[in-house]
Amino acid sequence: MTQTIPGLMTSAPLLVSSLIDHAARHHRNGEIVSRLGDGSLHRYRYPDCRRRAMRLASALELAGVQQGTRIATIAWNGFRHLELYFGVGGMGSVCHTINPRLHPDQIAYIIRDAADQMVFFDVEFTGLIAQIAPLCPEVRNWVALCGTHEMPAQSMPSLESYEALLATGSEDYEWPVFDESAACGLCYTSGTTGQPKGVLYANRSTVLHAYAASLPNAMNLASHSVVLPVVPMFHVNAWGIPYAAPLNGAKLVLPGRMLDGASLYNLIEAEGVTFAAGVPTIWLSLLEHVEQNSAKFASLQEAAIGGSACPASMVDRFHALGVDVVHGWGMTETSPLGCLSRLNPRRTDLPLEERRRILQKQGHALFGIDMKIVNGNGTELPWDGSSFGDLMVRGPWVLERYYGADHPVGEDGWFATGDVATIDSNGAMQIMDRTKDIIKSGGEWISSIDVESIAMAHPDLLEAACIAAEHPKWGERPLLIAVARPGASVSENDVLHFFEGKAAKWWIPDKVIFSESLPHNATGKVQKRELRERYAGQLS
Ligand code: AMP
């Protein structure tokens with residue numbers, strides 16, 4: 001029998017503390033710029049961030065926080081939040097990021113479920129904190145992310161300021177070295193069905209994900225990159241950017257709470273942002289602002305789009321402004337990056353049609369992630385670009401089991417994503433729909449994402465969502481809910497005519513309903529469940 005022999009290389013564990021150590025030591029001038037609540041900019045460099053993160057870890061240790069303890073954050077993207085990522089994760093505790101847009105009862109549930117001992121929050125969420133604090137008696141401390149002189153005028157037991165807490169710590173702290181499988185972060189799914197579930201990230205999975213996210217086929221980061229995560233640090237760790245930026249020594253620009261088109265544009269221009277990441281809704285408002293003001297981007301090279309499908313028209317609009325789209329797919333359960341689609345190298349000469357075709361797919365799996373599509377019996381389907389199936393993924397930064405659960409989510413590490421996808425012969429994956437959003441018309445499937453992508457290209461529409469409406473003959477038929485651009489006069493017929501020649505006849509919606517706006521969930525995705533509750537009976 002043959003036998004392997006052990007390699008003779010050091011086996012230092014992959015810990016998140018090493019990411020900030022690396023940036024502070026090898027990219028000392030790497031800047032971190034944060035927009036604060038009052039609109040002013042705070043700037044410092046990686047060594048400053050590391051010093052303060054260590055001071056925080058030391059202060060937490062003095063306050064009795066132990067390894068494995070869960071520490072919650074309810075905050076926008078900013079330098080103190082970044083210090084929590086590294087201070088808490090670096091000491092072996094768990095940084096639990098919470099989405100402030102969730103219902104207060106849901107936030108309280110999440111805090112109790114995670115058994116968070118401390119909650120750090122932006123001052124603007126003080127009202128929310130006052131609401132949830134009585135529902136979370138186990139929380140020992142509530143810490144406002146501000147200086148002592150900026151404390152909210154709220155009387156609450158065990159309320160203190162971040163800077164006062166930091167002052168109790170020491171910079172002489174040394175990061176502990178522990179097993180790389182130890183948890184460093186926790187994020188709950190948005191819980192569209194049932195209660196939210198916790199996904200507990202490990203140091204190892206987080207560092208590996210940061211490596212993969214940096215690669216040329218992924219975010220293509222380098223020390224000369226200027227990176228703007230518009231995606232919040234409470235939405236799957238801002239897609240790993242707070243870890244990937246220091247891994248590369250890239251400049252990090254943290255936008256705070258001002259995420260409207262004008263504020264984002266000004267920040268991008270002022271800081272020379274080259275790469276920005278966010279959900280399509282965010283980009284819609286940025287594009288509106290830039291186009292209406294006939295503005296231009298001086299530095300922005302790439303906009304990463306994920307969280308929901310990127311409409312074809314968004315590829316065109318960014319291209320017209322000299323910006324390439326990078327289209328990514330992922331989930332809270334996959335840390336989140338699984339697949340990305342990009343034009344590599346930047347192909348300014350590529351015909352628009354071809355550009356759209358490539359970028360409407362979610363693309364190729366990153367090294368580390370494997371994927372397959374299966375039918376209802378679990379049989380793998382061919383990679384021919386047309387067979388639809390349930391998308392399954394596995395890899396070292398994919399969830400094994402939910403926080404608190406006794407059992408793994410799947411067999412052999414395969415995780416059923418709840419998405420329906422095709423994979424083409426070259427390995428590029430395309431999401432057709434969430435399983436629960438796909439429209440089943442007369443036994444055939446219609447992708448609501450494709451219908452929306454066509455509708456969004458209509459010049460008089462701002463946004464559109466397609467849902468399944470009950471139909472007496474076909475079971476379900478597509479129904480479009482559209483938001484007209486302000487001042488535009490567009491009729492149902494105009495919209496339906498627009499589909500002609502762009503989609504198979506039976507994919508064209510049966511009806512268009514105009515609405516003032518669409519409901520979005522806490523991470524900016526259109527809430528189709530709410531639309532179905534409101535409109536599903538419109539064709540019956
Ligand atoms: P979340 O865990 O809240 O980030 O949601 C993950 C889900 O968002 C995925 O399962 C997909 O349904 C959807 N999603 C993420 N990225 C994309 C994308 N690029 N295109 C289509 N759907 C996406």
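Both ligands and their constituent atoms are indexed starting at 1 by order of listing. Just so you know, these numbers come straight off a predicted model, no measurement behind them. Residue indices begin at 1 and follow the sequence shown.
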Electrostatic pair Arg394:Asp412 at N-O distance under 4.0 angstrom: no

SB check Glu444 Lys440 (cutoff 4.0 Å): no

Residues in salt bridge (charged side-chain N to carboxylate O under 4.0 Å, His left out) contact with Arg401, at least two apart in sequence or another chain: none

Could you list, one pair per line, each nitrogen or oxygen of ligand 1 together with any protein nitrogen or oxygen closer than 3.5 Å, giving atom names and the distance rounded to 0.1 Å?
from: ligand 1; atom 1: 2 (O); to: Thr332; atom 2: N; distance (Å): 2.9
from: ligand 1; atom 1: 2 (O); to: Thr332; atom 2: OG1; distance (Å): 2.7
from: ligand 1; atom 1: 3 (O); to: Lys525; atom 2: NZ; distance (Å): 3.4
from: ligand 1; atom 1: 4 (O); to: His235; atom 2: NE2; distance (Å): 3.3
from: ligand 1; atom 1: 4 (O); to: Lys525; atom 2: NZ; distance (Å): 3.4
from: ligand 1; atom 1: 5 (O); to: Lys525; atom 2: NZ; distance (Å): 2.7
from: ligand 1; atom 1: 8 (O); to: Gly307; atom 2: O; distance (Å): 3.3
from: ligand 1; atom 1: 8 (O); to: Lys525; atom 2: NZ; distance (Å): 2.8
from: ligand 1; atom 1: 10 (O); to: Asp419; atom 2: OD1; distance (Å): 3.3
from: ligand 1; atom 1: 10 (O); to: Asp419; atom 2: OD2; distance (Å): 2.8
from: ligand 1; atom 1: 10 (O); to: Arg434; atom 2: NH1; distance (Å): 2.7
from: ligand 1; atom 1: 12 (O); to: Asp419; atom 2: OD1; distance (Å): 2.6
from: ligand 1; atom 1: 12 (O); to: Asp419; atom 2: OD2; distance (Å): 3.3
from: ligand 1; atom 1: 12 (O); to: Arg434; atom 2: NH1; distance (Å): 3.4
from: ligand 1; atom 1: 14 (N); to: Gly307; atom 2: O; distance (Å): 3.2
from: ligand 1; atom 1: 16 (N); to: Gly307; atom 2: N; distance (Å): 3.1
from: ligand 1; atom 1: 19 (N); to: His327; atom 2: NE2; distance (Å): 2.9
from: ligand 1; atom 1: 19 (N); to: Gly328; atom 2: O; distance (Å): 2.7
from: ligand 1; atom 1: 20 (N); to: Ala309; atom 2: N; distance (Å): 3.2
from: ligand 1; atom 1: 20 (N); to: Gln362; atom 2: NE2; distance (Å): 2.9

Check: Thr189/Glu333 side-chain N/O donor and acceptor closer than 3.5 Å: no

Sole residue of Val230, Leu267, Ile32 in side chain to side chain contact (heavy atoms under 4.5 Å, CB included) with Val253: Leu267

Polar contact flag, side-chain donor to acceptor under 3.5 angstrom, Thr523-Asn521: yes

